[in-house]
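Just below is one structure, and these are the notes that go with it.
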Amino acid sequence: MQRKILSISIMALLGLGAVSTTQAAVVPAGTILANQQQVTRNNGSDPATLDPQLAESNDAFNIILDSFVGAVALDSEGKVHPELAEKWDNQDNKVWTFHLRPGITWSNGQPITAQDFVYSWQRLADPKTASPYQSYISAIHILNGDAVMNGKLPPSALGVKALDAQTFQVTLSQPVSWFLQAAASPSFYPVNQQNVEKFGEKWTQPANIVVSGAFKPSKWVINERFVSERNPHYWNNASTVINKVTYLPIVEPSATLNRYQSGEIDITDTIPTVNFAQIKKTIPDQIKQTPLLGVYEYWFNLNKPPFNDQRVRMALNLAVDKSVITDKVLGMGQEPAWTLMPLHIGGETYQPTEIAQWTPAQRIAQAKKLLAEAGFSADKPLKAELLYNTQQDHQKIAIALSSMWKKNLGAQITLRNQEWKTLIQTQHNGDFQLIRQSWLADYDAPPTFLNNFMTGDTQNDGKYSNLNYDRLVNDAAEQTEPQKAKADYQQALDILSNDVPAIPLYYYVQNILVKPWVGGVFVSRLGFYKTQDMYIRQH
């Protein structure tokens with residue numbers, strides 16, 4: 001999901017509407033297309049849900065982004081362009097009015113209307129929905145959002161209304177310059193109210209689902225495959241080339257590579273680190289590498305000792321040689337991270353914390369000092385549990401960290417792993433001390449990272465709270481002058497770096513293996529690539 005203050009078109013910022021063109025498959029002149037336009041992608045895991053208001057992981061978003069669309073969308077460069085809305089206008093970045101395309105329909109032929117957006121945005125805010133992204137309503141400051149989420153006002157009081165069948169209006173409680181970036185998030189995609197109410201939790205099953213995007217789910221065999229087929233009712237169907245996409249839920253990188261090499265998989269971003277150097281040497285033209293707006297992290301539970309003590313958290317952060325993780329454990333282009341937000345975001349460059357400039361010896365010395373001040377010693381070593389989801393690279397990193405903490409601090413860190421779906425639930429339940437986490441931007445602006453640590457945010461499972469931090473992030477969102485907003489965000493980032501509610505390990509890159517016959521694979525800085533942009537060359 002994405003935020004980029006400076007990527008909103010000048011016309012949109014002036015309130016004059018959208019001028020960007022929509023994304024679609026662009027086949028170069030002279031390209032000979034294959035007779036069979038089908039593509040197979042590795043998806044890592046089966047999605048926990050395909051409900052746009054409930055999804056929270058890439059295995060779900062990969063399919064949702066092919067199946068649903070919003071009022072606006074983001075291209076591979078993070079720029080806003082029209083999708084279900086053909087244009088929009090705004091008053092002072094506070095009142096946003098969207099004008100839907102005439103004649104757009106759901107996959108069952110029913111009209112997509114402004115009321116569908118009103119229902120879906122109210123559904124996101126409704127505490128009964130229990131959306132993990134519910135706090136987005138507050139983050140983009142929709143009028144009455146907090147009161148609705150807290151149950152003090154009904155969902156109908158949310159600042160979203162249909163002016164007529166093709167026009168809906170969003171009123172914010174304050175100006176938000178990056179509103180369009182956030183509105184492109186899958187959490188804000190409309191869903192079909194009649195379908196949701198008819199089938200309840202089963203509305204996303206292929207036999208029941210009604211979608212708005214380029215592909216409609218048609219078959220789902222758990223632990224085997226998920227299949228979607230071209231949706232002829234999609235408004236831009238004429239620009240789609242692929243007729244069928246299959247997603248395989250293969251978790252293990254080695255198994256994925258074998259099936260890629262055998263020709264069963266056309267695209268995968270699950271690549272075994274142990275084979276990466278050889279792959280780069282033998283088939284470099286099949287690797288696409290893109291820097292991402294993402295941070296690999298370990299989150300602390302601040303409600304559980306000893307991690308309610310900032311000194312302990314900082315000590316563990318300082319005692320990790322992150323370049324060892326990026327260069328030796330992984331070696332796939334990642335960069336060591338000392339901040340919980342990428343430093344190049346929203347058209348601005350932010351400064352890292354001072355400790356990023358220290359030598360490893362300086363960091364370890366300070367870590368030992370802090371841990372001793374917190375009451376730990378050789379006779380009373382720090383003991384804790386680190387939880388990660390089952391996957392080879394996560395295991396390697398966890399082992400490396402526990403080894404560094406043992407060597408540098410005498411800390412005794414035990415390791416425990418869970419399957420991904422179980423780990424998500426464990427995290428939300430707060431049943432952890434230190435847990436593997438990662439965050440890929442939902443939009444290209446600082447709040448997509450900083451909001452996760454706001455007091456009471458639905459993503460803030462570590463229960464971090466700093467009221468000065470909250471104030472700075474909120475103040476920055478109100479600023480209409482970019483440099484003032486940047487100054488507030490920098491101060492907030494500095495507070496996070498000092499308080500260490502989580503340990504940043506590295507900034508992500510996206511490495512994808514793509515068969516030579518697959519064209520149109522465009523990876524955004526958010527890590528997503530849509531099947532509707534692709535085509536298959538004759539081979």
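Heavy atoms only: backbone and side chains are in, while hydrogens, waters and symmetry mates are out. We're numbering straight along the sequence, starting at 1.
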Item checked: Heavy-atom donor-acceptor pair, N62 side chain to N43 backbone, under 3.5 Å -> no
Item checked: Donor-acceptor contact below 3.5 Å, side chain R311 vs main chain E373 -> yes
Check: Hey, is the main chain of T426 close enough, under 3.5 Å, to the side chain of D431 for a donor-acceptor pair?
Finding: no
Margin query: Less than 4.0 angstrom from a charged side-chain N to a carboxylate O is my criterion; do R436 and D393 meet it?
Written below: no
Check: Would N58 and F528 count as a side-chain contact (heavy atoms from CB on, under 4.5 Å) if you check the C-alpha gap in whole Å, the side-chain angles of each, and the deciding distance to 0.1 Å?
Finding: CA-CA 8 Å; N58 279 10; F528 294 119; 3.6 Å; yes
Note to self: Students often mix this up, so state it plainly: with edges at 30° and 60°, are the rings of F300 and F307 parallel, tilted or perpendicular?
What the structure shows: tilted
Item checked: Nearest non-hydrogen partners of T256 and T270, listed with the distance -> CG2-O, 3.5 Å
Check: Just by distance, with hydrogens left out, do S135 and D457 show a side-chain donor and acceptor under 3.5 Å apart?
Finding: yes
Margin query: Tell me whether E201 at atom CD has more than 12 heavy atoms from other residues, nucleotides or ligands lying less than 6.0 Å away.
Written below: no
Margin query: To the closest 0.5 Å, what do you measure between NZ (K322) and CD (E335)?
Written below: 13.5 Å
Checklist line | Check: R471 and N468 side chains under 4.5 Å, non-hydrogen atoms | finding: yes
Margin query: Quick one: does any side-chain atom of R363 pair with a main-chain N or O of A356 as donor and acceptor, under 3.5 Å?
Written below: yes
Next item on the list: Examine distances only and state if a side-chain atom of Q53 and a backbone atom of S187 form a donor-acceptor pair shorter than 3.5 Å.
Entry: yes
Item checked: ring pair (Phe, Tyr, Trp, His ring centres under 6.0 Å) between Y507 and H344, worked out -> CA-CA 11 Å; Y507 303 118; H344 304 285; 8.8 Å; no
Note to self: Quick one, L450 with Y469, criterion side-chain contact (heavy atoms from CB on, under 4.5 Å). Give me CA distance, side-chain angles, the key distance, then yes/no.
What the structure shows: CA-CA 9 Å; L450 301 182; Y469 172 84; 3.2 Å; yes
Check: Does F453 have any ring-ring contact (aromatic ring centres under 6.0 Å, His included) partners at least two apart in sequence or in another chain, and if so, which?
Finding: W299
Next item on the list: Could you check whether the rings of Y489 and Y350 sit parallel, tilted or perpendicular, using 30° and 60° as the cut-offs?
Entry: perpendicular
Item checked: Sub-4.5 Å side-chain heavy-atom contact between I512 and Y529 -> yes
Notebook entry, point to check: Got a second to check how far W220's CH2 is from I63's CD1, nearest 0.5 Å?
Noted result: 7.0 Å
Note to self: Using a 6.0 Å distance limit plus a 45 degree cone around the ring axis, check whether K380 lies over the aromatic ring of F376.
What the structure shows: yes
Check: Charged N to carboxylate O below 4.0 Å: is that the case for D126 and K128?
Finding: no
Next item on the list: Could you check whether the rings of Y133 and F61 sit parallel, tilted or perpendicular, using 30° and 60° as the cut-offs?
Entry: tilted
Item checked: Qualifying residue, where the test is side-chain contact (heavy atoms from CB on, under 4.5 Å) with S173 and the options are L143, N144, D146 -> L143
Notebook entry, point to check: Could you go step by step and tell me if F432 and K304 meet the side-chain contact (heavy atoms from CB on, under 4.5 Å) rule?
Noted result: CA-CA 8 Å; F432 67 93; K304 293 190 175 184; over 6 Å; no
Next item on the list: Tell me, please, which residues at least two apart from F188 pass ring-ring contact (aromatic ring centres under 6.0 Å, His included).
Entry: W121
Next item on the list: Consider only side-chain N and O atoms of S323 and D321, and report whether a donor and an acceptor are under 3.5 Å apart.
Entry: yes
Check: Would you say E354 has more than 12 foreign heavy atoms packed within less than 6.0 Å of its CD?
Finding: no
Check: Testing I399, L409, I325 for side-chain contact (heavy atoms from CB on, under 4.5 Å) with M404, which one passes?
Finding: I325
